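Below, all heavy atoms of this structure are taken into account, side chains as well, without hydrogens, waters or symmetry copies. Index from 1, following the sequence. From a predicted model like this one, the values you see are computed outputs, not experimental measurements.
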Amino acid sequence: KELLQEHEKQNAGPIALTDINSTSACLYHAMNCQSRGWRVVMGVDFRKSADQKFIAIAKNNKGFENINLYLSNILHKTIKLKDEAPALPHTYIIYPLKNKPNRKLRANEYVGVSHTELFRFQKTINAAPNGEFQQDKYVALNPVTFRNKRDFNAHRLLRAIDKNVLLSMLDTKEQGEQSHTFYSKNDLQELYAGYEYLLENAQQLLKR
């Protein structure tokens with residue numbers, strides 16, 4: 001709720017809620033968005049343990065139903081979560097840069113780029129054959145998981161307890177990133193300097 005209030009101060013528009021392997025918070029999120037006159041954007045961050053595979057965002061109610069059916073089958077172990085998303089009608093799929101499929105992206109698929117990955121992203125651009133880099137298929141991906149450093153530290157402690165290891169022995173792959181916090185529009189413009197089109201592509205995706 002605090003993050004939504006901070007977001008509202010900046011008149012920043014829609015914000016997507018994509019809980020990890022869950023949709024339990026979506027109703028509360030939807031009511032908060034509607035009370036502010038925002039469009040409701042929801043989905044799921046699909047992960048195997050801490051490894052992010054892809055994010056599915058619903059275009060509409062039917063898309064949200066399809067995401068929930070897919071999630072239910074995974075949670076009930078009817079199917080296994082794979083590295084690539086299945087065909088989920090009425091949804092958008094965003095792959096993290098590190099898990100970008102080694103194939104042509106479908107019409108509803110995109111690749112998300114964090115501001116901490118811009119060097120790796122530039123290498124991706126440089127490695128693409130002439131004329132094959134699709135700029136419109138890449139979007140800024142800025143997950144907001146922690147309000148502040150205190151939240152991040154609490155998260156690390158809980159992950160260490162979950163893994164039954166000392167905090168000093170907690171693998172970085174088993175925890176979130178401290179950079180996954182809220183940034184103002186001005187902050188994001190600075191962080192993505194030279195790659196502003198990633199922010200524009202993300203905004204266009206949310207508008208759709």
To the nearest 0.5 Å, what is the distance between [atom1] on [X] and [atom2] on [Y]?
X    : Y    : atom1 : atom2 : answer
F119 : T124 : CZ    : OG1   : 10.5 Å
L97  : T116 : CG    : OG1   : 9.5 Å
N32  : I15  : CG    : CD1   : 11.0 Å
Q204 : D136 : CD    : CG    : 11.0 Å

Check [Y] with [X], please: is the shortest side-chain N to carboxylate O separation under 4.0 Å?
X    : Y    : result
D51  : K53  : yes
R47  : D45  : yes
E117 : K123 : no

State whether a side-chain donor-acceptor pair under 3.5 Å links [X] with [Y].
X    : Y    : answer
R159 : Q175 : no
N61  : E65  : no
Y95  : Q52  : no

#### Entry: Qualifying ring pair (Phe, Tyr, Trp, His ring centres under 6.0 Å) pairs, either residue in residues 154-174, two or more places apart
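Every pair satisfying ring pair (Phe, Tyr, Trp, His ring centres under 6.0 Å) with a residue in residues 154-174: F146-H155.
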
So that I know where these two stand, are [X] and [Y] an aromatic pair - ring centroids less than 6.0 Å apart?
X    : Y    : answer
H90  : F64  : no
F133 : Y138 : yes
Y70  : F46  : yes

### Task
Indicate the ring-plane relationship of F121 and Y197, choosing parallel, tilted or perpendicular according to the 30° and 60° boundaries.
tilted

### Query
Which residue pairs pass the side chain to side chain donor-acceptor pair (under 3.5 Å) test with at least one member in residues 15-26, sequence neighbours excluded?
S22-S24, T23-N68

